[in-house]
Amino acid sequence: MKLAELPPLSLYVHIPWCLKKCPYCDFNSHEKRGELPEAQYVDALTADLEASLPNVYGRRVHTIFIGGGTPSLFAPSSIERLLVAIRTRLPVDPDAEITLEANPGTFEVDRFRGFRDAGVNRLSLGVQSFDDAKLAAVGRVHGADEARRALDSALALFPSVNADLMYALPGQALEQALGDVKEAIARGVPHVSAYHLTLEPDTHFYRFPPQLPDDDLAADMQEGIERLLGEAGYGHYETSAFGKPGHRARHNLNYWSFGDYLGIGAGAHGKISFRDRIVREVRERKPQGYLRAALAGDAIRERREVDAAELPFEFMLNALRLIEGFPVALFTQRTGLALNVVEPQLRAAEGSGLIERDHARIRPTAKGQRYLNDLLEGFLDPRAARAGARVINIASPGTARPS
Ligand code: SF4
């Protein structure tokens, strides 16, 4: 493979602690016990970034996403120190989108102004629902009124705000799921991420499954949510993402366009392109182990060059999440491969009514969006397919799930 140009670069920073582990969550998040080692963790992130600089030398960062975990558990002064450390080591676009994930507890809301003053310009808030009983059913530590206060406060302070909502919650009726979306719209949030609650392996809900709405009801919820948001002027641009004009998540769009991202922090994933190869990295997962390893300049636990045979699937895994699909030329720009290497798969997907294409774009049809896993499986490397691999997780790292 040979890339004519390198893709845009984003930076993902993982902060791995939460007040309490939610029963549906398979993220690398750990219950906070006692004081968080904030200062030491920022030092570790800085050391991790420094050790990574040779891989991104001379490249500019377009977006920063501080995710978790619950990054709003960190003091604004720690977030400011982190952002200063980043800006002094890497060129960051003056108008870079800088997102911080936050939970709606009172403790966190008191810090919102400080986060904004530190340079955060987009807050992603884990609302999930405006219904106390449903929040309790999914083990959230906040209530509906806290979610309302947090959202109003975020909207008053930040130029852009996302509200994470979940639907198909235990015992949820159609009207309840739609009620959550109506309230988010009424409060004026410019971006909504609406996630179908799924039971992921290695979670409490997987071991002790709650009674969830059946597939037909969940599909009705999804359809109703898309209709309500569409009528209210939100563009549906990715499986779960809806934004008013000018509020699409640039960081996530870079993942979905198969852009590059440096991932620092416990368990963070990264994808970095070079002219002749694409490399994936994973950091030490356990917070204490990460602190030690990163401070010693040795946080990476896995680094591998992506085989050219895997690139078509990896590209499609991201780009076909986009409702508008992707420009034909992007495939070659990002993978260094000619589009004709996937011509048989494209033809098969087109024949099954899963994609449509013209000379300019390739996009999933409504059927392709609904059966995204089936569509993606067509692009699996045949060796992986023969070994029985299935598409089990269509989320991009660190973005496409409720937090
Ligand atoms: S869902 Fe979010 S708040 Fe809950 S444990 Fe996972 S990362 Fe933490």
Side-chain angles (χ1 to χ4, degrees), residues 12-34 36 38 41 45 65-74 79 99-109 111-112 115 122-132 134-144 146-147 149-151 154 161-170 172 180 191-210 212 240-241 249 251-252 263-269 283 285-287 290 393 395-403:
Y12 175 74
V13 184
H14 193 77
I15 297 190
W17 292 281
C18 291
L19 282 181
K20 184 173 159 279
K21 184 82 180 174
C22 301
Y24 58 85
C25 176
D26 68 342
F27 278 10
N28 184 27
S29 60
H30 303 261
E31 235 164 79
K32 168 183 184 294
R33 297 209 171 86
L36 292 179
E38 287 189 34
Y41 196 75
L45 289 168
F65 193 102
I66 306 170
T70 308
S72 52
L73 292 179
F74 269 32
I79 299 298
T99 305
L100 180 115
E101 283 188 327
N103 274 338
T106 313
F107 171 76
E108 286 105 321
V109 174
R111 300 174 155 193
F112 284 2
F115 294 138
R122 182 172 181 272
L123 201 80
S124 179
L125 199 60
V127 170
Q128 316 312 352
S129 173
F130 293 101
D131 177 330
D132 279 326
K134 292 290 165 271
L135 287 167
V138 290
R140 298 295 300 199
V141 288
H142 66 272
E146 277 175 304
R149 263 198 305 275
L151 192 52
V161 175
N162 165 60
D164 277 352
L165 294 176
M166 284 196 293
Y167 65 94
L169 303 180
Q172 194 174 39
D180 282 341
H191 191 283
V192 172
S193 301
Y195 299 107
H196 183 171
L197 174 66
T198 49
L199 304 183
E200 300 297 332
D202 290 327
T203 62
H204 180 79
F205 271 2
Y206 193 78
R207 289 185 287 277
F208 306 98
L212 295 179
S240 312
H251 184 86
N252 293 357
I264 58 172
H269 291 237
R283 262 62 176 169
R285 191 175 157 85
K286 296 215 172 83
Y290 172 79
N393 182 354
S396 296
T399 63
R401 302 283 281 285
S403 182

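Just so we're clear, the structure is a prediction, and the values are computed from it rather than from any experiment. Whatever order the structure lists them in is the order used to number ligands and atoms, beginning at 1.
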Could you grab the distance from atom [atom1] of [X] to atom [atom2] of [Y], nearest 0.5 Å is fine?
X	Y	atom1	atom2	result
Q128	N103	CD	CG	7.5 Å
E200	C25	CD	SG	9.5 Å
L19	L73	CG	CG	5.0 Å
C22	F205	SG	CZ	9.0 Å

Numbering as shown, the atoms of ligand 1 that approach [X] to under 4.0 Å (heavy-atom distance):
X	answer
N103	3 (S)
K20	5 (S)
C25	1 (S), 5 (S), 6 (Fe), 7 (S)
G69	7 (S)
Y24	1 (S)
C18	3 (S), 5 (S), 7 (S), 8 (Fe)

**Prompt:** Mind checking whether Y290 and Y41 have parallel, tilted or perpendicular rings, split at 30° and 60°?
**Reply:** tilted
**Message:** At under 4.0 Å between heavy atoms, is it the side chain or the backbone of R140 that contacts ligand 1, or both, or neither?
**Reply:** side chain
**Request:** Please name all residues satisfying side-chain hydrogen bond (donor to acceptor under 3.5 Å, both in side chains) with K286, sequence neighbours left out, ordered by chain then number.
**Result:** none
**Message:** Within 2.8 Å of atom 8 (Fe) of ligand 1, is there any N, O or S atom belonging to C22?
**Reply:** no
**Request:** Say whether G126 and ligand 1 are in contact under the criterion: heavy-atom distance to a ligand atom below 4.0 Å.
**Result:** no
**Prompt:** Are a donor atom and an acceptor atom from the side chains of D180 and S129 found within less than 3.5 Å of each other?
**Reply:** yes
